[in-house]
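The structure presented is a predicted model; accordingly, all values stated were derived computationally and were not measured. Note that ligands are numbered from 1 as they come in the structure, with each ligand's atoms numbered from 1 the same way.
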Amino acid sequence: MQNQDVAKILNRAARILALRGENRYRIRAYQRAAQAVAALPENIEEIVKQNRLQKIEGVGKALAAKIEEIVSTGKLALLEKLEQETTPAGNNKEILLAWALAFCQDFLPELKKLAAVKKVAVTGEMRRRQETVQEINFLLVSKDVEATKMAICRHQQLHRQEWEQYSCRAVHSFGVRLRLDLVVEADYIQQLWLATGSQEHVKAVARLVYEKTGLNLLQALPFANSFSFATEADIYKLAGLPLIEPELRENRGEIAAAQTGELPILIRAENYKGDLHIHTNWSDGTASIEKMAEKAVEMDYEYIAITDHSQSLKVARGLSIQRLAEQKAYLAKLQAKYNLRIFCGIEVDILDDGSLDAPDEILAQLDVVVASVHSGFRQSREKLTFRICKAMQNPYVQILGHPTGRLLGHRDPYDVNIDEILRTAKATGTILEINSSPDRLDITDKIALQAKKAGIKMAVNTDAHSPLEMDNIDLGLSVARRGWLNANDVVNTVPAREILDWLHRKRTG
Ligand SMILES: [Zn+2]
Ligand SMILES: [Zn+2]
């Protein structure tokens, strides 16, 4: 059995546990084990034979037993149980966007196989890339809606079905709430637009269309459409507007901006040049610097910054000043091997009094300095705000990492004065991070928009602890897009040859 196969099974178990709203530590344990196994330089079977599983970082006794089971039997009984078991009540918790996306990736091909289905689109909150999702909406284009309806009725994983004409609410075996809308091709674009929402946005645009043309887009009956659209842009054209992208459809002023030609040109993945917050196995990451660099090359990045934890963060095996110097020398040697700039950085802890966990002389020698709070989450609003603002005053701190510290579904944001943080960021020229970890997505889309309006730059980083987590960049970019950010608002779009000058503006004055 290959390491990748074992990792795949562990990852799948993590996903299903997440969709069921299981404890995040249990989910993370499976994920971390999967990443560790995938990153191993030797074959997993060898390690099992020699009884060395628990020596792997991130693999405890319980997971060692699971891995052994996978290697010896080729499967995991827990996973089989999870796949078959139904949670008919449905999970009332909101699902993180990352898990919902993973679910769609798995389930979309299944829907495509149903009788008479021509294509399937994801709509609703997911298409607008909301950070958490209550219900996943699919739009199925069918050549024969009756036949497709029958196929759904018989589907073994779709429970508690409630039909209203050709729209069905159901609960998937994994506990996920779904809505499936069936349409014929001619109705596809209109339904796609209606189902994508948000409701307020759709209503406002429909009103404009009605005023201009007398056409009521909200009233059209399924399968009786006398008009058909080729693209969503055609709908907006009827309202006298340019296309408004799904992430903006929240009725937060996007229609007025479209009317005055002030819609942002949203940042896209192609604009993104490199990740400025990455951990390796020098601190609490699961992979080597080389593995992270290889992944960056694969992703076509121009640069990455290695930003392992600073010394005080013992739980994350923070680097001593000595180790940091060793890492810097190592990176310098490694540089020639890659067609990629590898910046030497740090994620320096903001200590209890707002000072930093490394002296200025050391920070001055580093390319990239991210400063973050990792302790004292329950301190008073004044104290936390003071700590963060004091750290931003430091001329070597370029980026404030995960500024509000929230963990979706687990920990609220720290009680901080966001307005004051934004004011200080602006005054000191400090960049605010949009952290792409699935349960962080910190700062939020709303704060990002507020920061943009205040003229503050942002960095979209993954804070990846493994190569796989570098793919989370899509989540961070979704937040940026929902926050109306264009490429210019985000420092990671600056090319390699200019980025350091850009980042060092604070220290050079
Ligand atoms: Zn951090
Ligand atoms: Zn970090």
Look at R411 together with D439 and state whether they make a salt bridge at an N to O cut-off of under 4.0 Å.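 So R411 does not pair with D439 through a salt bridge.
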If the threshold is 4.0 Å, N to carboxylate O, is there a salt bridge linking R129 and D445?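 So R129 does not pair with D445 through a salt bridge.
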For the metal site, I want the angle between atom OE2 of E347 and atom NE2 of H374 with the Zn ion (ligand 1) at the apex, to 10°.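 That angle is 100°.
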Fit a plane to each ring of H309 and H279, take the angle between them on a 0 to 90° scale, and name the class: parallel (under 30°), tilted (30 to 60°) or perpendicular (over 60°).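 The rings of H309 and H279 lie parallel, inter-plane angle below 30°.
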Anything under 30° is parallel, anything over 60° is perpendicular, the rest tilted; go ahead and classify H410 against Y25.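 Taking Y25 first and then H410, their aromatic rings stand perpendicular (interplane angle over 60°).
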When you measure from the Zn ion (ligand 1) to the N, O or S atoms of H402, does any of those distances fall below 2.8 Å?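 Yes, since at least one N, O or S atom of H402 sits under 2.8 Å from the Zn ion (ligand 1).
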For N/O/S atoms only: which one belongs to H279 and is nearest the Zn ion (ligand 2)?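 Sorting the N, O and S atoms of H279 by distance to the Zn ion (ligand 2) puts NE2 first.
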Taking just the N, O or S atoms of D463, which one is nearest to the Zn ion (ligand 2)?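 Per the distance ranking, D463 contributes OD1 as its closest N/O/S atom to the Zn ion (ligand 2).
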Against R481, only a single residue in E254, E247, E250 fulfils salt bridge (charged side-chain N to carboxylate O under 4.0 Å, His left out); can you say which?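 In the set E254, E247, E250, the residue that makes a salt bridge (charged side-chain N to carboxylate O under 4.0 Å, His left out) with R481 is E247.
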Is the Zn ion (ligand 2) less than 2.8 Å from at least one N/O/S atom of H465?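 No.
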